[in-house]
Amino acid sequence: MRDLSALRRVLLAWYTTHARELPWRARVGEPADPYKVWVSEVMLQQTRVGTVLRYYDRFVDRFPTAASLAAAEEDEVMASWSGLGYYRRARLLHAGVKEVVAHYGGHVPEERAARSSLPGVGRYTAGAIGSIAFGRPEPIVDGNVMRVFARVFRIETPLGHRDTAEHMWRLAETLVAGERPGDLNQALMELGATVCTKASPACEACPVAAHCAARRAGQQANLPVAKARRPPRRVTMVAVLATSQRGRRVWLTRGQAALFGGLWNLPMGEGDSADVARGVLREAGLAGRLTTDPVARFKHVLTHRRLEVSLFRATARGTSQGDLRAAGAADLDALGISSLTRKGLRHGGFAG
DNA sequence: AACGCGGGGAG
DNA sequence: CTCCCAGCGTT
């Protein structure tokens, strides 16, 4: 559709009456806190609103300002992120606020280039902070916006193609130029999340149905064209639930790898045999006795992996230092633990 | 351009 | 089961 101003108008009007109340949204007439917008937008990367709601309040309550987050220990930050996934986001956010404190007096920089250069702040997040917190006409294109655009403008090239993405960013840039850029961007995302949904778009309730090319052509169910997806790889893993002699504390190692980096995990390795489990124990810096067979098997599914985990039990000695530590049940809440490790502790009967 | 990175909710 | 979510950084 050529008349973007009509689309703008309808979206803003709809958003004014249909926006969900979300804790990171500023009240009408109040300026949004750029730091809180930043935190929420990082949490929202590839993560649904409903999931973020379970973490956001606790996080900003504990770290209410950029300075307070910058001053926190990494373990403390990871503990607050524990279970939310994509843990690198937390470490990048932490690095980002440190940079803000060091170079910008603790204030999120309003200037686009400075904002974009912060760790973890990509094209999307920079635009979200710019438009929502600073009221600048900066575009946003996320999964919701792509779906809405693909339908409204009947874009039939697959998502994920460079040309498709660039086309959509240009559309977003054109559309956001005007009043209330933050609301316009949020209106697009909100529409995609609540009305123009993937499986069954509620066209009869959609404010832009009259402007929708896909709807006109009866193609709304066939758009957008998804990008091809690679099937997840199946991986067998061994995890060792090694406790101290009296079974009161469990040995955890802090991951440095990309997977679960920065989190405290059960010692793990790829494979399914007792031999591998022995190697895992030794590799962790532990000496002890191990069950000959797994005490439990469980699955853990990630987007890109299907892990089948064999859990061994051990009693082991070692020295808590660096990336190895013995944690009591009461310590676990203060540590960043992956859901996989949480699951392993449960299957192994270590509730403390 | 492709890939790795969590976890969970919806259908 | 499958899909994909208010993406980013690396290669």
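This one's a predicted model, so the numbers in the text were calculated from it and none came from an experiment. Sequence lines set the chain letters: A, B, ... in the order given, protein chains first and strands last, and positions in each chain run from 1.
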* Asked: A:His300 side chain N/O closer than 4.0 Å to the phosphate oxygens (OP1, OP2) of B:dG7?
  -> yes
* To the nearest Å, how far apart are A:Met237 CE and B:dG6 C1'? -> 14 Å
* **Donor-acceptor pair present, A:Thr51 side chain and B:dG7 base, under 3.5 Å** => no
* Asked: Counting any heavy atom closer than 4.0 Å, what does A:Ala128 reach on the DNA or RNA strands: base, sugar-phosphate only, or nothing?
  -> nothing
* Asked: Within less than 4.0 Å of OP1 or OP2 of B:dG9, is there a side-chain N or O belonging to A:Arg54?
  -> yes
* Short side-chain N/O contact to B:dC5 OP1/OP2 from A:His304, under 4.0 Å -> yes
* **Interatomic distance at P, B:dG11 relative to C:dA6, whole Å** => 13 Å
* **Close aromatic pair by centroid cut-off 6.0 Å: A:Trp81 and A:Phe59** => yes
* Out of B:dG6, C:dC5, C:dC1, whichever nucleotide has its closest atom nearest the side chain of A:Arg48 -> C:dC5
* Could you check how far CG of A:Leu340 sits from C1' of B:dG7, rounded to whole Å? => 12 Å
* Neighbour count >12 (heavy atoms, 6.0 Å) for atom CZ, A:Arg289 -> no
* To do: Report yes if the side chains of A:Arg233 and A:Arg306 come closer than 4.5 Å at any heavy-atom pair, otherwise no.
  => no
* Asked: Do you reckon A:Leu223 sits in the same ILVMFWY cluster as A:Val152, going by side-chain contacts under 4.5 Å, direct or chained?
  -> no
* B:dG6 and C:dC4, which share atom name C1', separated by this distance in whole Å -> 13 Å
* To do: Would you please indicate yes or no on a ring centroid separation below 6.0 angstrom for A:Trp24 and A:Tyr56?
  => yes
* Structure fact -> Quick note, A:Arg25 side chain, CB onward, closest among C:dA6, B:dG8, C:dC4 is C:dA6
* For A:Gln256, does the CD atom have more than 12 heavy-atom neighbours from other residues, nucleotides or ligands under 6.0 Å away? -> yes
* **First encountered from the 5' end of DNA chain B, between A:Asp163 and A:Met43** => A:Asp163
* To do: Assign A:Leu93 to base, sugar-phosphate, or nothing according to its heavy-atom contacts below 4.0 angstrom with the strands shown.
  => nothing
Identify all pairs in which a protein N or O lies below 3.5 Å from an N or O of nucleotides 7-11 of chain C, and state each distance.
{"from": "C:dG7", "atom 1": "OP1", "to": "A:Gly143", "atom 2": "N", "distance (Å)": "3.4"}
{"from": "C:dG7", "atom 1": "OP2", "to": "A:Gln46", "atom 2": "N", "distance (Å)": "2.7"}
{"from": "C:dG7", "atom 1": "OP2", "to": "A:Gln46", "atom 2": "NE2", "distance (Å)": "3.3"}
{"from": "C:dG7", "atom 1": "O5'", "to": "A:Gln46", "atom 2": "N", "distance (Å)": "3.3"}
{"from": "C:dC8", "atom 1": "OP1", "to": "A:Gly122", "atom 2": "N", "distance (Å)": "2.9"}
{"from": "C:dC8", "atom 1": "OP1", "to": "A:Thr125", "atom 2": "N", "distance (Å)": "2.9"}
{"from": "C:dC8", "atom 1": "OP1", "to": "A:Thr125", "atom 2": "OG1", "distance (Å)": "2.7"}
{"from": "C:dC8", "atom 1": "OP2", "to": "A:Tyr124", "atom 2": "N", "distance (Å)": "3.3"}
{"from": "C:dC8", "atom 1": "O2", "to": "A:Arg88", "atom 2": "NH2", "distance (Å)": "2.7"}
{"from": "C:dG9", "atom 1": "OP1", "to": "A:Gly120", "atom 2": "N", "distance (Å)": "2.4"}

* A:Glu179 CD: over 12 foreign heavy atoms closer than 6.0 Å -> no
* A:Trp169 six-ring centre to A:Arg123 NZ/CZ under 6.0 Å and within 45° of normal -> yes
* **Rounded distance in Å - CG (A:Leu302) to P (B:dG8)** => 11 Å
* Give the rounded distance in Å between these two atoms: CG of A:Asp183 and C1' of C:dA6. => 15 Å
* To do: Scan A:Gly83 against the nucleic acid and name what it touches under 4.0 Å (heavy atoms): base, sugar-phosphate only, or nothing.
  => sugar-phosphate
* Structure fact -> Rounded to whole Å, CZ of A:Arg229 lies from P of B:dG4 at a distance of 13 Å
* **Rounded interatomic separation in angstrom, taking CG from A:Leu22 and P from C:dC5** => 18 Å
* **5' precedence on DNA chain B between A:Arg162 and A:Leu84 (nearest-nucleotide basis)** => A:Arg162
* Separation of atom CE in A:Met78 from atom P in B:dG7, rounded to whole Å -> 11 Å
* Given DNA chain C, 5'-ward residue of the pair A:Lys227 and A:Arg306, judged by closest heavy atom -> A:Arg306
* Asked: Phosphate oxygens OP1/OP2 of B:dC5: is one of them under 4.0 Å from a side-chain N or O of A:Arg305?
  -> yes
* Any chance the side chains of A:Gln46 and A:Arg89 put a donor and an acceptor closer than 3.5 Å? -> no
* Structure fact -> When A:Lys198 and A:Lys299 are each assigned the nearest nucleotide of DNA chain C, the 5'-most assignment goes to A:Lys299
* Asked: A:Thr197 near the nucleic acid: base, sugar-phosphate alone, or nothing, with a heavy-atom cut-off under 4.0 Å?
  -> nothing
* To do: Could you state the atom-to-atom distance from CG of A:Leu159 to C1' of C:dC5 in whole Å?
  => 13 Å
